[in-house]
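Written below as structure tokens is the structure these notes are about.
Proteins come first, then strands; the chains are lettered A, B, ... in the order of their sequence lines, and each starts at number 1.
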Amino acid sequence: MSTPIIETRNLHKWYSGVHALKGVSLKIEKGQALGLVGDNGAGKSTLINILSGLHRQDEGQILLEGQEVDIRNPKDSMRLGIETIYQYNSMVPLMTISRNVFIGREPLKWSIGGFGILDEQKMREESVKAIADVDLHLRSPDALVGELSGGQRQGVAIARAMHFKSKVMILDEPTNHLSVKETAKVIGFVKGLKEQGVTSVFISHNMHHVFACCDRIVAMALGQIVLDKPVSETSIEEVSEKL
Amino acid sequence: MKRLFKLALQKPELASTLLLVLLILMFQILSGAVFLSIDNVRGVLGLLPETALVAVGVTLLMICGEFDLSVGSVFALMPMTMAVLVVAGVPFWLAVFLGLALCAFIGFVNGWITIKFDIPSFITTLGMMFMARSMTVVVSGGFPPRIKPGAVPSWIFTGFVDDGGLVRASVLWFVGIAVLISLLLAKTNFGNWVRATGGFLPAAAAMGIPSGKVKIACFMICSVLAGFAGMIQSLRLNSFLPALGEGMELQAVAAAVIGGTSLMGGVGSIIGGLIGATLIRVIDNGMVMSQIDSNWFKFAIGALTIFAVVGNAWLRRRGRAMQVETDK
């Protein structure tokens, strides 16, 4: 078997006395579309926040392609090729699409000590291309993200992650608050990731969404993994029972 | 055409510019053409850079999602510190540098406390407003220091630059600084971080922007500009008073808000803040020139602030609701 792209070993996390993660060990293979399901408070978000650098584990290791890594902040996570898409909080509504695509990673014409002049033309051109690459058609990179629909926003977020050549894309409840049509679009984006060889972790409350686009299901309850099966060997009923 | 109109509706600076032009015309008529006379324009231009520089800093900070009530006190503390140092024999430029460094430090403390303890900057800077005001009186020892006219090269900041004696150097300083801050906000990655931090903090944090540091930097810029503006005013008047700049903090906020900056952060522009500051100065001066009872000044500013915010919100909604052809 090949080296897993991400491996966690015995991750623990306490939040002021609450044991939110109780020794989670998980191997994610390259190119896999993994669906992570579980009730509120099951530890899904905690696990994801650790991988994306918003929180740090209290115990345990994270390995990326076999190498142990230390993820201290979101920058570290992104540098390692892990991109996270949150249900709504990864875009600034009052900023344009092109600015949102490059937040925190702006291309600069020249710079001193990390500060410099934005290369706005490059930002515009590359964001148009990135958006087209995920098969999303938007009129202008200068439109405000706040003017887009929920599904389009998730599309831009996915385009951004793709543009930065992520190895692993974590989608945290990307279909929440979306209409049926928009949900179908987002699920389409996720399926597209697999074709492009990107590993994805899809988190959702909605089993139907997860079963629609993932090839492996991991269920969590009370901070532990309670089920881990290929999608073909399990069913919504079986997973629901475990939660 | 319709698209241009929509764009204009969504630009809050536009409405205030229009109001500014209208007010200037009105005061010109009411004052019997005295308002735009050379002498009066000179007076307005003398005072404008001082208020406007404070407004620039406050606007930047508000776009970043924070607030500074201590600018009025810093406005007085910086020149007082500088003057006391000069009287004590410290060279002028070193004294200026130390004064500005003190402002930067105050800005840092404002920002650091706000971020570190996660408290509203309204409270932090309210405290700092009292502390800095008190320090101003303490360093002066109760007696304002006196610097002989001509003893310091104040012409660099306040001397007239043209033969007619209309434009002071302070106008040039102010324009230069305002352009610089505008560019910082619009054209640099730092500006992008400021807007993201003020616009939606969770997104900025998730994308790895050091939003705490960005905010602290904005606090520091804001304080330094306030101190610099206070120095210009003190040098122009050649007097160093502990009560300088009282009430300045709220005028600066009013200027920013009138110019379309949102109290919630993320929205606003430096040019908007400038127009707001100009509006306030024009109303102040225009009322005197038109022989309107100047006790109404604060009433006018207050009413304008509320009117501007309500109007901007309405215009923006209208602008957004207006359907335009989006294809092609």
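- With a 4.5 Å cut-off on non-hydrogen atoms, A/Leu108 touches chain B through its side chain but not through its backbone.
- Note that OG1 of B/Thr197 is 9.0 Å distant from CD1 of A/Ile103, once rounded to the nearest 0.5 Å.
- Ranked by heavy-atom pairs shorter than 4.5 Å toward chain A, the options B/Gly198, B/Gly191, B/Gly266, B/Ala186 are led by B/Ala186.
- Pairing each heavy atom of A/Tyr86 with each of B/Ala206, the nearest pair is CE1-CB, 3.6 Å.
- Contact annotation for residues 59-81 of chain A against chain B (heavy-atom separation below 4.5 Å, listed by residue number): A/Pro74, A/Lys75, A/Met78.
- The distance from the CG atom of B/Leu183 to the CG atom of A/Leu118 is 11.0 Å, given to the nearest 0.5 Å.
- For A/Lys194, the NZ atom is densely surrounded, since the number of other residues' heavy atoms within 6.0 Å is greater than 12.
- Your options are A/Arg99, A/Lys109, A/Glu120, A/Glu83, and the one with the most heavy-atom pairs under 4.5 Å with chain B is A/Arg99.
- Atom CZ of residue B/Phe200 and atom CE of residue A/Met95 lie 13.0 Å apart, to the nearest 0.5 angstrom.
- Around the OH atom of A/Tyr15, the shell of radius 6.0 Å holds more than 12 heavy atoms that belong to other residues, nucleotides or ligands.
- Close approach to chain A, defined as a heavy atom under 4.5 Å from one of its heavy atoms, is seen in B/Met207, B/Gly208, B/Ile209 of residues 207-217 of chain B, taken by number.
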